[in-house]
Amino acid sequence: MVRPRDGSTKYNSTFAERVYALVRRIPPGRVTTYGRIARAAGAARSARMVGWLLHNAPPEIAAVAHRVVNRHGELTGGWAWGHPAVMRALLEDEGVTFVEEFCVDLERHLWEPEDDPIAMNSTE
DNA sequence: CGTCTGACTTAGT
DNA sequence: TACTAAGCCAGAC
């Protein structure tokens with residue numbers, strides 16, 4: 001289910017569904033990138049679509065969209081909450097650490113859609 | 001219908 | 001390491 005704007009669902013492709021499904025799978029306290037999601041969804045070169053889909057996503061997805069950052073870990077979509085500080089607060093509340101004011105520590109919290117770090121890593 | 005823009009990424013300079 | 005250009009697909013004008 002995509003519903004780009006007014007329920008057109010003209011490109012109700014599996015791409016959007018996969019993106020949303022992947023975003024939903026992001027565990028709390030972990031983050032991933034647009035590119036990783038795009039690649040896992042089958043469109044490695046369409047990272048922008050992921051961003052577009054998230055901007056256009058239903059509330060259910062927007063609720064976990066703060067776990068998606070760009071390849072540098074920057075909160076590029078932070079303004080969707082009114083201010084990146086809001087997104088940062090959400091991430092910090094889940095235990096995500098930051099290397100910069102609006103840049104998460106990817107080395108620590110990066111989650112790859114194709115794998116599940118939490119399953120094979122318990123403590124930290 | 002052509003052009004610009006965008007919650008991006010990669011490669012080249 | 002930082003900036004630029006190109007690729008990507010869909011929406012707004």
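Each chain gets a letter, A, B and so on, in the order its sequence line appears, and its residues count up from 1. Source: prediction; values computed, not measured.
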**Prompt:** For atom P, what is the distance between B/dC4 and C/dA5, given to the nearest Å?
**Reply:** 15 Å
**Item:** Polar side-chain atom of A/H66 near backbone of A/R88 as donor-acceptor pair, under 3.5 Å
**Value:** no
**Item:** Exam field: side chain A/Y20 to backbone A/P58, donor-acceptor pair closer than 3.5 Å
**Value:** no
**Request:** Select base, sugar-phosphate, or nothing to describe what A/A65 touches, counting heavy atoms under 4.0 Å on all strands.
**Result:** base
**Asked** According to a strict under-4.0 Å criterion, is A/S46 in side-chain N/O contact with OP1 or OP2 of C/dG7?
**Response** no
**Request:** Figure out the CG/C1' separation between A/N56 and C/dA10, and round it to whole Å.
**Result:** 10 Å
**Asked** Quick one: which of B/dG6, B/dT9, C/dG11 gets closest to the side chain of A/M49?
**Response** B/dG6
**Prompt:** For atom P, what is the distance between C/dT1 and B/dC8, given to the nearest Å?
**Reply:** 22 Å
**Message:** What is the distance, to the nearest angstrom, from the CD1 atom on A/I37 to the C1' atom on C/dC9?
**Reply:** 17 Å
**Side chain of A/A80 (C-beta onward), nearest among B/dT9, B/dA7, C/dG7** = B/dA7
**Message:** Do A/E112 and A/T32 make a side-chain contact, defined as non-hydrogen atoms from C-beta onward lying under 4.5 Å apart?
**Reply:** no
**Complete:** Atom NE2 of A/H66 and atom P of B/dA7 are separated, to the nearest Å, by 19 Å
**Item:** Any donor-acceptor N/O pair, A/H83 side chain to A/A85 backbone, under 3.5 Å
**Value:** yes
**Request:** Test for a donor-acceptor pair under 3.5 Å between the base of B/dC8 and the side chain of A/R71, counting only N and O atoms.
**Result:** no
**Asked** Separation of A/L53 atom CG from C/dC9 atom P, in whole Å?
**Response** 13 Å
**Prompt:** What nucleotide among C/dG11, C/dC9, B/dT9 has an atom nearest to a side-chain atom of A/R48?
**Reply:** C/dC9
**Asked** What nucleotide among B/dA7, B/dT9, C/dC8 has an atom nearest to a side-chain atom of A/R45?
**Response** C/dC8
**Asked** Between B/dT9 atom P and A/E74 atom CD, what is the distance in whole Å?
**Response** 9 Å
